[in-house]
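What follows is one structure encoded as structure tokens, with my remarks underneath.
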Amino acid sequence: MWDLHTVRRLPTGQTQLFIGLHLVHEVTTPQAFDTLRARGWKVARPDRTFATTDHIIPTRDQKRPFLDVMAEDMLTSLEHNCRDFGLRFAGLGDDRQGIVHVIGPELGLTQPGMTIACGDSHTSTHGAFGAVAFGIGTSQVRDVLASQCLALEPLKIRRIRVTGRLPRGVYAKDVILTIIRRLGVRGGTGHAYEYAGDAIERMSMDERMTICNMSIEGGARVGYVNPDETTFAYMRGRPFAPDGDAFDRATRWWRSMASDPDASYDDDVEIRADELAPVVTWGVNPEQSVNVGGTIPTPSEKGTDGQAVSDALAYMGLRPGQPIAGMKVDVAFIGSCTNSRLSDLREAARIVAGRKVAPHVTALVVPGSVAVSRAAEQEGLAETFRAAGFEWRSAGCSMCLGMNPDRLVGHQVCASSSNRNFKGRQGSPTGRTLLMSPAMVAAAAISGAVIDVRDLASS
Ligand code: SF4
């Protein structure tokens, strides 16, 4: 795929790579468009560019102008830029609007065998389709807008085979959090991660997207799954997917993008699915996690970075050796490009049905897109969440990051289905994030503390 998209090798050793799809949102693009305007340049391939709004939009009250002047400015400038440069735009009020990594696949813009770039780290999500997809910075957004190309270093490839059956109550989120714990947050530097093995092959596209989404949290620029029948079935009938004979021709080509059975890898790792358990992060990066039945490590523990553990314990207000189960939570957030798709909401709704959110917990569900929201409402999931005491919000990034009104306050602890637990990530400089699967978040919302979802599901 890399070779097929290579325009030329640069004297620096980098590859000038053609980008098949450029996804655009409001946060990382204003300066890039300003540069184009100042130089009198056009967007090279508007037909390969698609914009939406997600990071800064409020999810409760979307009346314009927004109360937050900076957010209003960002959205207005994206609206102007899309109009001036002739770009397709799924803005507020558009049925196609949503988190950029949710709508790309949903609309069939994301396709196997594509190179995909977007000014957001979690662009690796799209690799679930057998695409080479990666996040880029503002200056690279400018480069892609102006030339539809990027100068990139070739990547090594590590295959991660997940073999065997996942136990009940263990999800794709637990798989990727385990992989990151095992290989480290910097373990994937310079690599693409190929997720393979029978457990991955059995996964739905939603589950594969959850896995690929967090590749970047393990340091890998790119994460992908080889396209197969599950991929092709998902693609069929999507608005921007090929149609009729063109779909059959595309499928033949997509199939040819999968790794050859005798492909060689720079590294090969096996993870046994049947040994996995629900995972919860206890620290300030996604590697700092334990199985829900486990205890917080001590700084002196063999194989741990003592200083990093001490620092994380102090920030999180935790004691070494403390069990993670029972840690009280103040907020429960189900959403983000990792886990805000229909299947995520279905699993979480199964846990909350007929139960009530603990009185001290603020719980919210933020669907990843307008389409997910509508489908969930039609299925009665929204009603299930509301009846349990969850707030049902409009599509957006919400509490994944502190760029909109959905933020933690003070030292609040949040059980979150998102992908980053960095210090201050959820908007409060002292807020604390525990990453887990949406079902585990639902269970924490009900019990008011971290709990093994399998205990709640069977009670
Ligand atoms: S949900 Fe979070 S990680 Fe995903 S695109 Fe939005 S801000 Fe980025």
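Here, residue 1 is the first one in the sequence, and each next residue gets the next number. First listed ligand is number 1; within each ligand, the first listed atom is number 1.
Minimum heavy-atom separation, His25 to Leu78: C-CD2, 3.9 Å. Minimum heavy-atom separation, Tyr265 to Ser259: OH-CB, 3.5 Å.
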Please lay out, stage by stage, how Asp206 and Ser343 fare under the test side-chain hydrogen bond (donor to acceptor under 3.5 Å, both in side chains).
CA-CA 7 Å; Asp206 285 7; Ser343 57; 2.7 Å; yes

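Between Glu379 and Arg346, at least one side-chain nitrogen of the basic residue sits less than 4.0 Å from a carboxylate oxygen of the acidic one, meeting the salt-bridge criterion.
For Arg420, the salt bridge (charged side-chain N to carboxylate O under 4.0 Å, His left out) criterion is met by Glu217, not counting sequence neighbours. For Arg64, the salt bridge (charged side-chain N to carboxylate O under 4.0 Å, His left out) partners are Glu72, Glu79, not counting sequence neighbours.
For a distance threshold of 2.8 Å, the protein N, O or S atoms nearer than that to atom 6 (Fe) of ligand 1, listed by chain and number, are Cys397 SG.
Screening residues 363-383 for ring pair (Phe, Tyr, Trp, His ring centres under 6.0 Å) gives no qualifying pairs among residues at least two apart or on separate chains.
The shell of residues lying under 4.0 angstrom from ligand 1, judged by heavy atoms, excludes Glu217.
Residue Met214 does not touch ligand 1, judged by heavy-atom distances below 4.0 Å.
Close contacts of ligand 1 with Arg425, meaning ligand atoms under 4.0 Å from a residue heavy atom, involve 2 (Fe), 3 (S).
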